[in-house]
Amino acid sequence: MNIQTNYQLQDLNSFKVNVAAKYFVEVLSITELKEVLADKKLLNNKWLILGGGSNILFTKNFDGFVIKNSISGITVINENDKEVFIEAGAGVDWDKLVEYCVNNNYGGIENLSLIPGNVGAAPVQNIGAYGQELNQPFHSLTGLYMNTGDEQTFSKSECEFGYRDSIFKNKLKNEFAITSVQLKLKKNPDVNLSYLQVKDELFSHNISAPTISDVRNAVIAIRNSKLPDPKKIGNAGSFFKNPVIELEKFKAIKNNYPEIKSFSEGKDKVKISAAWLIEKCGWKEKIIGDAGVHQKQPLVIVNYGKAKGEDILKLSEKIKKSVSDKFDIILDNEVNII
Ligand code: FAD
Ligand code: EPU
């Protein structure tokens, strides 16, 4: 176990903000994680569990312990004729897991291709894209309570998954370190073409009977066409969640903007596009200093160079204020502000 001090985090967060951690340690196993948890320095400091750093905005140096969870390994733990149960370590790159599953024709996560970050963070916000959410193929996860080191396994219902939400973002925020995730995948998978853009992409390549591998390729093509590559431009994907609003409020907006789209969320609520709201407030392509609103997807705030975390935060707050003033809707952050 190698605890380092004043550790630079610029290459460990996808916004590429230049900050340092007072203490930094990378753990490669549960044993190493337990050793860190037993260290007295940890008790006297605040801590942060870090995966790939692709859903975090550091607004200042981190005055505590950053624990990078790099526990590896992908294993088939059980199978029958129809299903396979896969366990992956929290430090496995999420898209490597998707690639492994697609290559073995294990279906259920192919629409989640190319989402940056690690397996351990995937349940934290119940990652979702192109018609799939992690909670669908999710079976269980295992981890440790940071305060006691006690191990626990959580079933799907115990994770309290919601849209970009789980117990690990709420009651157990920063209290529980996920060490592995278990998924239940299909051996003879159906493809999920519920997202129109995926269907269109396959159609444009004349693919009429797609496999999960075709779906993965389509999702990768769509993502590459509209989302900035964090290796080239700092960003953390969608900065805000899409708001879920009362039907009555939606009808009032639709009176003024008949083109607005909505997705039903039960009887009295609808989800609407935060990107659309932000664009309507005139923010698309706006740049303040080195922080800007992406030209293809206004829900993505980007760092064009040397923006500080607080510059990005200030821009996000201005956007929120405009949306609140114009539409009376409060956008919730998806990104974890530290
Ligand atoms: P980090 O940023 O390192 O951490 C995120 C949070 O999880 C933090 O609060 C952290 O403390 C906590 N955490 C991390 N690891 C653990 C652990 N092992 N145990 C407990 N807590 C932990 N997300 C989507 O849902 N759908 C998308 O389509 C999508 N597209 C994206 C596109 C781009 C270009 C980018 C940059 C991001 C996108 N995201 C998307 C957001 C991001 O990829 C996901 O939230 C991802 O799961 C974050 O993983 P990470 O390992 O980088 O997490
Ligand atoms: N739109 C605009 N202007 C634009 C671009 C988009 O108004 O310039 C509107 C359009 O109405 C469009 C709608 O936004 O129909 C949807 O755009 P997109 O398909 O890109 O989806 P999104 O709602 O912006 C969500 C997720 C993404 C996920 C995609 C695909 C959230 C907060 N974001 O984005 O997840 O990849 O759907 O499923 O739910 C992330 O969480 O970081 C993320 C990137």
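Positions are given from 1, in the same order as the sequence printed here.
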Please tabulate, one pair per line, all N/O donor-acceptor pairs under 3.5 Å involving side-chain atoms of residues 261-275, not counting sequence neighbours.
{"from": "Ser264", "atom 1": "OG", "to": "Gly266", "atom 2": "O", "distance (Å)": "3.2"}
{"from": "Ser273", "atom 1": "OG", "to": "Ala275", "atom 2": "N", "distance (Å)": "3.3"}
{"from": "Ser273", "atom 1": "OG", "to": "Trp276", "atom 2": "N", "distance (Å)": "2.9"}

Let me have the donor-acceptor pairs involving side chains of residues 116-129, under 3.5 Å, with sequence neighbours excluded, atom names and distances please.
{"from": "Gln125", "atom 1": "OE1", "to": "Asn55", "atom 2": "ND2", "distance (Å)": "3.3"}
{"from": "Gln125", "atom 1": "NE2", "to": "Glu334", "atom 2": "OE2", "distance (Å)": "3.2"}
{"from": "Asn126", "atom 1": "OD1", "to": "Leu134", "atom 2": "N", "distance (Å)": "3.4"}
{"from": "Asn126", "atom 1": "OD1", "to": "Asn135", "atom 2": "N", "distance (Å)": "2.9"}
{"from": "Asn126", "atom 1": "ND2", "to": "Gly162", "atom 2": "O", "distance (Å)": "2.8"}

Assess whether atom NZ of Lys96 is packed by more than 12 heavy atoms of other residues, nucleotides or ligands within 6.0 Å.
no
Using a distance-only test with no angle check, is there a side-chain donor-acceptor pair under 3.5 angstrom linking Gln295 and Glu285?
no
Determine whether more than 12 heavy atoms belonging to other residues, nucleotides or ligands lie under 6.0 Å from atom NZ of Lys187.
yes
Atom OH of Tyr257 with >12 non-hydrogen neighbours under 6.0 angstrom
yes
Assess the residue pair Ile253 and Ile329 against the criterion (side-chain contact (heavy atoms from CB on, under 4.5 Å)); give the C-alpha distance rounded to whole Å, side-chain angles, the decisive distance to 0.1 Å, and a yes or no.
CA-CA 11 Å; Ile253 299 175; Ile329 291 174; 3.8 Å; yes
Mind checking whether Tyr130 and Ser113 have side chains closer than 4.5 Å, heavy atoms only?
no
Are more than 12 heavy atoms from other residues, nucleotides or ligands located less than 6.0 Å from atom NZ of Lys184?
no
Least distance between heavy atoms, Asn111 atom then Val215 atom
OD1-CG1, 3.5 Å
In the structure I gave you, are the side-chain heavy atoms of Phe24 and Leu9 within less than 4.5 Å of one another anywhere?
yes
Calculate, to the nearest 0.5 Å, the distance between atoms CD and CG belonging to Glu26 and Asn69 respectively.
9.5 Å
Do the side chains of Tyr195 and Val219 get nearer than 4.5 Å, heavy atoms only?
no
When rounded to the nearest 0.5 angstrom, what distance separates CG in Leu42 from NZ in Lys40?
11.5 Å
Tell me if the NZ atom of Lys169 is crowded by more than 12 foreign heavy atoms within 6.0 Å.
yes
Please list, chain by chain and in numerical order, all residues satisfying side chain to side chain contact (heavy atoms under 4.5 Å, CB included) with Ile233, sequence neighbours excluded.
Pro228, Val302, Tyr304
With a cut-off of 6.0 Å (strictly less than), are more than 12 heavy atoms of other residues, nucleotides or ligands near NZ of Lys306?
no
With the side chain counted from C-beta on, respond yes when Phe239 and Phe15 share a heavy-atom pair under 4.5 Å apart, and no when they do not.
yes
Under 6.0 Å from the NZ atom of Lys308, do we count more than 12 heavy atoms belonging to anything else shown?
no
Any heavy-atom pair between the side chains of Phe85 and Val76 that's under 4.5 Å?
no
Where do Glu201 and Ala221 come nearest, in terms of heavy atoms and distance?
OE2-CB, 3.5 Å
salt_bridge(Glu279, Lys284) N-O dist < 4.0 Å
yes
Any side-chain heavy atom of Lys173 within less than 4.5 Å of one from Asn336?
yes
Here the gap from Ser238 atom OG to Leu331 atom CG, rounded to the nearest 0.5 Å, amounts to 11.5 Å
Side chains of Lys280 and Ile260: closer than 4.5 Å at any heavy-atom pair?
no
Quick check for you: to the nearest 0.5 Å, what is the distance between Ile338 atom CD1 and Asn61 atom CG?
13.5 Å
Check whether any side-chain heavy atom of Asn45 sits under 4.5 Å from a side-chain heavy atom of Lys22, and report yes or no.
yes
